[in-house]
Amino acid sequence: MTYYYEEMRRLLFDHYDLHRRDLPWRSDRNAYKTWVSEVMLQQTRVHTVIPYFCRFIQQFPTISALAHASEDNVLKAWEGLGYYSRATNLQNGARYIVSEHQGIFPFRKEDILKIPGVGPYIAAAILSMAFGKPEPSIDGNLIRVISRLHALSGLSSSSKTQKQIAVIASKMISEKRPGDFNEAVMDLGATICTPKSPSCETCPLESLCIAAHEGCPELYPGNKKTASLQRYAFTICPILYGNTVYVKKRAASGLLAGLYEFLMIPGHYDKEDLITSIKPEFVLNDASILSIEALPDSEHRFSHLIWDMKGYLIRLVYDNDLGPKPLSEKNTKGLFVPAEEMKSLPFPTAIRVYRDAVLASARDLF
DNA sequence: TGTCCACGTCT
DNA sequence: AAGACGTGGAC
């Protein structure tokens, strides 16, 4: 049995040493860069992460730099990457390391696991890659590879299968090259042992793989059911006063936490009844509406719901000369900022089309 | 078009 | 412990 895993590691490393992907976080490695890259790589593909990682490390080169940055700047660097609580957790983690560990990344497993946003997977990745500890990082790739090698038929979400996989992973991990082992499995899962139509003919582990010999590796691991997504209707109302636009920061938790948005009214409205529908939510005070311009309809699909959006660009004039101050939204506070300033604020991809329309429209004023 | 990836972490 | 949490690309 021991020989079986030795043989597996030899085959894996022979292939890895020839075909290893050259990725930005694999050169000049340290715990901080490993941490940042692994957080970005959660639920996100390598191709997407590369430019974000390079910019992020340039902007926040050290734990201390990240800890002392403003939250908006960190979210701005994350804009478009999704799962925004990863960004705030990362910064909270940096602040935690500064206060609890003098800014030095801890090397003990129990200390690493206390860092906000760091769970078993990222802890194992950092321990193995940055500190040379034999901890298997159990991610979707390793689960898929192991499920296929041993033709594990159970659903990968079941606790029994999870325990099986953890036991096998601890036997598979290389004591001598634990970080390379984890990276080799990730490369294998991303390029060869893919979820659909895997390339078994080029796989270094093909000779050991039961699923490949059965001829249907794509059946593993067992699939989970998919729920149908609920749709939510919104009317997106960017409000322009001169070249300033009304924006507000979303709540600190929940969907798109901490990002900026325009006035969003639940439901869909025609141009005609937009005013009356805004009234209950928005106090215009001394302002009058100069014009309402329809913006394109759009749809945005999240992991668990869909936004169905209509949009209107609303231009205001004021009856006095005091400017936009009197305008206030009930219960929440937003602010008017110069339209160009939106470029430095984090916006969700969902409403990017409306932000761009506002920018184009504000530019037309000059 | 719609489905899947996407076990990762937090609540 | 089950559901929340984005996005983009492959097919």
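Basis for what follows: all heavy atoms, side chains included, without hydrogens, waters or symmetry-related copies. Convention: sequence-line order gives letters A, B, ...; per-chain numbering from 1.
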Between protein and nucleic acid, restricted to nucleotides 3-5 of chain C and to nitrogen or oxygen atoms under 3.5 Å apart, what atom pairs and distances do you find?
residue : atom : partner   : partner atom : Å
dC5(C)  : OP1  : Leu255(A) : N            : 3.1
dC5(C)  : OP2  : His304(A) : NE2          : 2.8

Could you identify which residues of residues 106-118 of chain A place a heavy atom less than 4.0 Å from some atom of DNA chain B, listed by residue number, or say none? Pro116(A), Gly117(A), Val118(A)
Spacing of Leu75(A) atom CG relative to dT7(C) atom P, expressed in whole Å: 12 Å
Interatomic distance where CZ belongs to Arg144(A) and C1' belongs to dC7(B) [whole Å]: 11 Å
Check every strand shown and say whether Ile122(A) touches a base, only sugar-phosphate, or nothing at a heavy-atom separation below 4.0 Å. sugar-phosphate
Under 4.0 angstrom, heavy atoms only, what part of the nucleic acid is Tyr121(A) near: base, sugar-phosphate, or nothing? sugar-phosphate
Does a donor on one side chain sit under 3.5 Å from an acceptor on the other, for Tyr220(A) and Glu214(A)? yes
DNA chain B contacts made by residues 42-59 of chain A, counting heavy atoms under 4.0 Å: Gln42(A), Gln43(A), Arg45(A)
DNA chain B base-pair string [pairs: Watson-Crick or G-U under 3.5 Å; |: paired with another strand]: .||||..||||
Taking the nucleotide of DNA chain C with the closest heavy atom to each, which residue, Lys196(A) or Leu81(A), is nearer the 5' end? Leu81(A)
Rounded to whole angstrom units, what separation is found between the CG atom of Leu41(A) and the C1' atom of dT9(B)? 15 Å
What is the distance, to the nearest angstrom, from the OH atom on Tyr220(A) to the P atom on dC7(B)? 20 Å
Do the non-hydrogen side-chain atoms of Leu149(A) and Met8(A) ever get within less than 4.5 Å of each other? yes
Taking for Pro195(A) and for Asn89(A) the nucleotide of DNA chain B with the nearest heavy atom, the one nearer the 5' end belongs to Pro195(A)
Pairs touching residues 247-272 of chain A that satisfy ring-ring contact (aromatic ring centres under 6.0 Å, His included), sequence neighbours left out: Phe262(A)-Phe347(A)
When rounded to whole Å, the CZ to C1' distance for the pair Phe347(A) and dG6(C) reads 17 Å
Determine the interplanar angle of the Phe234(A) and Trp307(A) rings, folded into 0 to 90°, and report it as parallel if under 30°, tilted if 30 to 60°, perpendicular if over 60°. perpendicular
In the structure I gave you, are the side-chain heavy atoms of Pro348(A) and His300(A) within less than 4.5 Å of one another anywhere? no
Contacts of Glu272(A) meeting side-chain contact (heavy atoms from CB on, under 4.5 Å) (sequence neighbours excluded), chain-then-number -> Asp270(A)
Quick one: which of Ile351(A), Val247(A), Leu256(A) gives a side chain to side chain contact (heavy atoms under 4.5 Å, CB included) with Glu261(A)? Ile351(A)
Side-chain N,O (Arg301(A)) to OP1/OP2 (dG2(B)) below 4.0 Å: yes
Taking the side chain as everything from C-beta on, heavy atoms only, tell me whether Tyr354(A) gets closer than 4.5 Å to Ser298(A). yes
Just so I know, are the side chains of Thr34(A) and Trp25(A) near enough to count as touching, which here means a heavy-atom distance under 4.5 Å? no
Would you kindly give the CE-to-P distance between Met40(A) and dT7(C), to the nearest whole Å? 15 Å
Whole angstroms only, please: what is the CD1-P distance between Ile126(A) and dG8(B)? 15 Å
I'd like to know if the side chain of Tyr84(A) reaches the main chain of Leu255(A), judged simply by a donor and an acceptor atom lying under 3.5 Å from each other, with no hydrogens or angles considered. no
Phosphate OP1/OP2 of dT7(C): any Arg352(A) side-chain N/O under 4.0 Å: no
Of dC7(B), dA6(B), dG8(C), the nucleotide closest to the side chain of Gln162(A) is dC7(B)
Quick one: are Ile236(A) and Tyr312(A) in side-chain contact, heavy atoms under 4.5 Å? no
Please report, rounded to the nearest Å, how far the P atom of dC7(B) is from the CD1 atom of Ile165(A). 12 Å
Mind checking whether Cys203(A) and Cys193(A) have side chains closer than 4.5 Å, heavy atoms only? no
